[in-house]
Amino acid sequence: MISGRYTLDREVGRGGMGAVWRGEDELLHRPVAIKRIGFAPTGGVDDSSDLVRAEREARLAAMINHPHIVSVYDLVEDDERQWLVMEYVDGTALSTILDTQGAVAPDRAAHLLAQAADALAAAHHAGIVHRDVKPSNMLVTPDDTLKITDFGIARGLEDASLTRTGMVTGSPAYLAPEVASGQSATAASDVWSLGATLFHTLTGRTPYAVDDNVLGTLYRIVNSEPPRLGPGDRLAPLLEHTMALDPSQRWSMTEVRDFLRGSAAPVRDRPAATTDRTAPPTQTLAAVPPTFLESAARRQEERPPASPPPGGGRNRPDDRSRTLPALLVGVAILLVVLLGLGFVVLGGDDGDQDATAPSETPTSAAPSPSDPGPTSPTPSPSPSQEPDAEEMATFVDNYLGTVVADPSSSWQQLTPAFQQASGGFGQYSGFWSNYTSATPRDVSADPDALTVSYTVDYVLADGREDTDQVTLQLAYEGGQYLISGES
């Protein structure tokens with residue numbers, strides 16, 4: 001018995017601050033969820049961040065009475081421990097649904113996330129920013145009612161008591177770029193995180209792969225173009241106006257809710273964000289050849305698509321992918337300096353309550369997609385003043401030696417136009433996650449046409465093998481090669 005009133009039944013979840021139990025309120029005879037926070041202070045000033053967060057969660061959640069927010073009933077002390085007593089929701093975390101069932105149909109995704117947007121709009125109206133919007137903080141009942149939980153790192157717009165220089169709060173895969181770069185979270189940051197959750201819900205994979213290299217993830221969020229849905233997807237405009245790099249270009253949470261409910265998109269002179277990150281243009285082509293995804297469709301017309309592998313960090317059979325370019329090391333060191341050596345990420349990946357779906361996890365910080373220079377895994381011959389057949393063949397060999405093990409690096413070897421034509425980094429990395437190796441043979445380079453033709457032998461994640469004939473169109477500038485098209 002806790003505080004003479006609450007009994008514990010069984011553990012039903014585990015979050016960033018501790019275990020969550022199903023219990024019973026013996027006074028009001030209703031089920032409750034009880035989260036054990038930690039030891040209560042025994043005297044003096046208590047500086048336990050868990051206790052501070054628990055008190056904040058109770059205070060902030062109590063400010064909002066909303067059908068799609070888990071209510072907080074009580075914060076009690078018993079036997080020198082503190083317990084947070086909340087509404088019990090007989091449901092499953094959205095992260096578990098995605099982990100076990102995969103992507104959710106668009107209609108159901110819109111229905112679920114409209115409820116989340118409604119709850120967050122109410123929080124924003126009350127001056128509260130959640131700051132950790134993600135699938136594991138959304139509980140879904142059997143009748144598809146959604147409730148947002150864990151306001152543990154939420155704060156009022158005027159309350160900076162838990163903000164310290166160099167601290168980033170939230171789960172890396174869903175962090176808005178401004179928060180990933182160390183700025184304070186705003187309501188617009190929650191909008192981004194809801195868009196990232198929408199992407200995960202619709203595709204079955206996180207918008208950004210996360211592994212032990214948190215700095216690499218943060219770098220990609222800040223510097224790469226956000227993932228996008230296909231142009232024919234009816235929810236694609238929502239992703240463009242939630243995961244916009246410029247916070248001022250994002251819709252409000254109310255507008256997001258109305259769009260998900262089926263209302264027309266807001267009419268305003270505020271297009272999706274564009275940023276001044278474009279590198280000097282490389283060679284301009286009259287047309288862009290078919291993308292990697294189109295080639296994939298051709299290869300897989302007569303067989304079912306390969307499922308993404310259960311984890312990342314794959315290596316080629318040979319040793320070409322083992323050598324990381326020195327440039328990436330320099331970029332990572334520079335990033336540490338620029339970000340103040342002070343990133344502390346609360347919440348980890350989206351696995352506080354449930355395991356996340358496995359995803360491809362690059363092991364190094366990725367340069368900006370608009371970076372005009374490729375970063376090959378092995379040094380190429382000293383560049384000549386004119387395109388050279390041997391250099392071109394080496395460039396393609398190095399590219400294929402990297403692409404399945406570290407797509408974030410090989411992505412930089414595409415021109416900005418071809419990156420866009422390939423559907424963005426999310427689709428690009430998703431495609432290559434189906435393969436464990438891509439080995440070229442019979443390579444033929446034409447310096448005059450800037451093309452490289454070859455036969456490539458693929459090994460898929462499920463062990464099957466495939467072969468294709470590929471011709472890459474290259475761009476050449478200042479001794480550097482980039483891929484500008486494929487056929």
Side-chain angles (χ1 to χ4, degrees), residues 6 9-23 25 30-37 50 52-75 82-99 112-124 126 128-156 162 169-171 173-174 185 189-190 193-194 196-198 200-201 253 257 346-356:
Y6 304 105
D9 181 9
R10 67 182 185 279
E11 184 176 323
V12 294
R14 188 168 289 273
M17 289 194 294
V20 181
W21 294 72
R22 186 194 186 282
D25 183 341
R30 64 180 177 183
V32 291
I34 305 177
K35 183 188 297 185
R36 187 177 69 187
I37 306 303
D50 281 355
V52 174
R53 291 175 65 197
E55 293 172 0
R56 289 167 56 82
E57 180 168 357
R59 174 169 54 86
L60 291 172
M63 294 172 58
I64 311 170
N65 182 17
H66 194 279
H68 299 301
I69 294 178
V70 174
S71 300
V72 172
Y73 296 147
D74 205 353
L75 180 63
Q82 290 221 2
W83 304 78
L84 193 64
V85 183
M86 302 170 291
E87 171 189 5
Y88 175 72
V89 179
D90 185 14
T92 305
L94 179 58
S95 58
T96 299
I97 294 174
L98 299 175
D99 187 30
L112 291 173
L113 293 187
Q115 299 173 67
D118 192 37
L120 291 168
H124 293 172
I128 297 171
V129 180
H130 190 286
R131 299 202 299 172
D132 199 18
V133 175
K134 58 182 180 180
S136 67
N137 281 340
M138 299 178 184
L139 301 177
V140 181
T141 67
D143 65 353
D144 266 2
T145 296
L146 182 143
K147 287 179 177 281
I148 293 182
T149 188
D150 200 354
F151 276 73
I153 65 172
R155 65 173 177 86
L162 287 188
T169 56
S171 300
Y174 309 91
S189 308
D190 280 354
S193 298
L194 188 69
T197 299
L198 172 68
H200 189 176
T201 304
M253 195 63 76
R257 177 200 64 195
L346 299 181
D349 61 13
D350 191 27
D352 289 349
Q353 296 179 3
D354 304 276
T356 53

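This one's a predicted model, so the numbers in the text were calculated from it and none came from an experiment.
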Can you measure from [atom1] ([X]) to [atom2] ([Y]) and round to the nearest 0.5 angstrom?
{"X": "K35", "Y": "W83", "atom1": "NZ", "atom2": "CH2", "result": "12.5 Å"}
{"X": "T201", "Y": "L112", "atom1": "OG1", "atom2": "CG", "result": "7.5 Å"}
{"X": "L139", "Y": "L146", "atom1": "CG", "atom2": "CG", "result": "7.5 Å"}
{"X": "Y174", "Y": "D132", "atom1": "OH", "atom2": "CG", "result": "10.0 Å"}
{"X": "D190", "Y": "M253", "atom1": "CG", "atom2": "CE", "result": "5.0 Å"}
{"X": "M86", "Y": "K147", "atom1": "CE", "atom2": "NZ", "result": "12.5 Å"}

Minimal non-hydrogen separation, [X] against [Y], with atom names:
{"X": "A116", "Y": "I148", "result": "O-CD1, 3.6 Å"}
{"X": "V32", "Y": "Y88", "result": "C-CB, 3.6 Å"}
{"X": "R257", "Y": "A114", "result": "CG-O, 3.8 Å"}
{"X": "I64", "Y": "A126", "result": "CG1-CB, 4.4 Å"}
{"X": "G23", "Y": "I34", "result": "CA-CD1, 4.3 Å"}
{"X": "A196", "Y": "A173", "result": "CB-O, 4.4 Å"}

So do the side chains of [X] and [Y] get within less than 4.5 Å of each other, counting heavy atoms only?
{"X": "K134", "Y": "L94", "result": "no"}
{"X": "I97", "Y": "M138", "result": "no"}
{"X": "D144", "Y": "V140", "result": "yes"}
{"X": "H66", "Y": "D118", "result": "yes"}

Test Q115 against every option in I69, L120, T145 by the side chain to side chain contact (heavy atoms under 4.5 Å, CB included) rule and name the one that passes.
T145

H130 side-chain N/O to D150 backbone N/O, donor-acceptor pair under 3.5 Å
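Such a contact is found between H130 side chain and D150 backbone.
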
No-hydrogen, no-angle side-chain donor-acceptor test under 3.5 Å, Y73 and D25
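Result is no, nothing qualifies.
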
